[in-house]
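For the numbers below, each heavy atom of this structure counts, side chains included, while hydrogens, waters and symmetry mates do not.
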Amino acid sequence: MEDLKHKKLLIVDDESDLREMVEGFLRKEGFTRIFQAATCAEALRNIRAAKPDLVLLDIMLPDGDGFSLLKSLRQFSSVPVLFLSARGEDEDRLLGLGLGADDYMVKPFLPRELLLRLSAILRRVYAPFRQEQRPIFQLGPRVIDLESGIVRTSSEDVSLTAKELVLLTKFYENRNRIVTNDALCQAAWSDDYYGYENTLMVHIRRIREKIEELPSNPEHLLTVRGLGYKLLVKGDE
């Protein structure tokens with residue numbers, strides 16, 4: 001975890017007191033490379049210039065909202081995003097996760113919980129699979145490059161979010177076999193995975209939009225009702 005504390009963090013929130021509180025707590029925990037932004041415009045400038053390794057993102061901002069900012073961000077970056085919002089409705093949480101956020105916390109929150117969730121994202125994204133190259137495989141006309149976190153087609157490259165990468169890696173490791181919902185949630189959210197079943201469905205839908213010709217009628221990532229999902233990879237049966 002020590003090397004992960006050198007990762008660059010960007011706090012995006014219009015409340016200066018909250019930004020300072022979060023930064024102060026994280027610095028006490030050993031994080032040293034922390035940036036702040038109060039608006040969408042300032043956040044985008046920081047992301048392009050500093051290239052943070054994780055973004056802590058509020059929803060209500062003076063010149064827009066975090067959902068729109070995340071949409072803009074996902075056009076050029078797959079940096080992990082953790083929402084920190086006063087809006088705790090399920091629809092807001094699922095919208096944020098559906099847009100490609102890695103986690104969603106509701107204000108007020110416990111600093112220790114923030115540290116645990118932030119650290120879990122950093123470990124999932126930057127710690128695993130560094131000793132060997134991640135696989136590259138084909139699904140129909142698409143090439144899934146897990147090493148680069150990209151789905152390649154003849155016309156474009158589409159970036160995978162950190163959660164999508166974790167889930168697709170789990171699927172590939174168990175290709176052509178059923179992977180249970182519990183196993184997928186465990187892989188994506190570690191031990192604190194209870195209650196994430198609906199969130200998992202959102203991520204599965206997003207993955208299908210990137211790897212399937214017809215996401216509503218998938219050929220590769222199939223639902224096994226009552227159990228979980230199965231990734232069909234030809235040549236590996």
Can you sort out the partners of [X] under salt bridge (charged side-chain N to carboxylate O under 4.0 Å, His left out), two or more places apart, ordered by chain and number?
X	answer
E20	none
R112	E29
R142	E213

In the hydrophobic clustering (ILVMFWY, side-chain contacts below 4.5 Å, transitive), which residues join [X], or is it alone?
X	answer
L10	V12, F35, L44, I47, V55, L57, I59, M60, L61, F67, L69, L70, L73, F76, V79, V81, F83, L95, L99, Y104, V106
I150	none
L227	I178, V224

For [X] and [Y], which heavy atoms make the closest approach, and how far apart are they?
X	Y	answer
L146	L165	O-CD1, 3.5 Å
V166	A188	CG1-CA, 4.0 Å
E113	R117	OE2-NH2, 2.8 Å
L4	F31	O-CE2, 3.9 Å
D13	K107	OD2-NZ, 2.7 Å
L54	L56	CD2-CD2, 3.6 Å

Does some side-chain heavy atom of [Y] sit less than 4.5 Å from a side-chain heavy atom of [X]?
X	Y	value
R33	K5	no
F25	K28	no
V22	R27	no
L9	E23	no
L114	F109	yes
M21	I11	no

Taking the side chain from [X] and the backbone from [Y], do they hold a donor-acceptor pair closer than 3.5 Å?
X	Y	result
R74	G100	yes
R206	H203	no
R152	V143	no
D65	S68	yes
N176	K230	no
E212	L214	no

query = Please walk me through it: do S77 and R48 pass side chain to side chain donor-acceptor pair (under 3.5 Å)?
reply = CA-CA 9 Å; S77 173; R48 292 184 184 276; over 6 Å; no
request  = Apply side chain to side chain contact (heavy atoms under 4.5 Å, CB included) to V151 and D145, showing your working.
outcome  = CA-CA 6 Å; V151 177; D145 186 341; over 6 Å; no
query = Would K7 count as a cation-pi partner of Y126, with NZ or CZ less than 6.0 Å from the six-membered ring centre and within 45° of the ring normal?
reply =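 Cation-pi check for K7 and Y126: passes.
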inquiry  = Please tell me whether Y172 and L167 are part of a single hydrophobic cluster in this structure, the criterion being side-chain heavy atoms less than 4.5 Å apart.
reply    = yes
message = Is there a path of hydrophobic side-chain contacts, each under 4.5 Å between heavy atoms, that joins I144 and I204?
response = yes
Please report the interatomic distance [atom1]([X]) to [atom2]([Y]), rounded to the nearest 0.5 Å.
X	Y	atom1	atom2	answer
I207	H220	CD1	NE2	13.5 Å
E164	R208	CD	CZ	13.0 Å
Q186	T180	CD	OG1	9.5 Å
T169	E147	OG1	CD	10.0 Å
N174	L231	CG	CG	10.0 Å
R175	L168	CZ	CG	13.0 Å

S216-R205 side chain donor-acceptor pair, cut-off 3.5 Å = no
key: Full working for side chain to side chain contact (heavy atoms under 4.5 Å, CB included) between E42 and D63   = CA-CA 10 Å; E42 187 180 2; D63 57 343; over 6 Å; no
query = In terms of side-chain geometry, is the basic nitrogen of K8 or D53 positioned less than 4.0 Å from the acidic oxygen of its partner?
reply =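 D53 and K8: not salt-bridged.
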request  = Could you walk me through whether F171 and L184 pass the side chain to side chain contact (heavy atoms under 4.5 Å, CB included) test, one step at a time?
outcome  = CA-CA 8 Å; F171 280 125; L184 291 167; 3.7 Å; yes
task = Start with the C-alpha gap between E15 and R19, add the side-chain angles, then the distance that decides, and say whether salt bridge (charged side-chain N to carboxylate O under 4.0 Å, His left out) holds.
result = CA-CA 6 Å; E15 297 181 39; R19 294 198 310 271; over 6 Å; no
M201 CE: over 12 foreign heavy atoms closer than 6.0 Å = no
request  = I would like to know whether C185 and L200 meet side chain to side chain contact (heavy atoms under 4.5 Å, CB included); could you show each step before the answer?
outcome  = CA-CA 7 Å; C185 289; L200 174 64; 4.0 Å; yes
request  = Take T39 and R45 through the test side chain to side chain donor-acceptor pair (under 3.5 Å) and record every step on the way to the result.
outcome  = CA-CA 10 Å; T39 66; R45 287 196 300 270; 5.2 Å; no
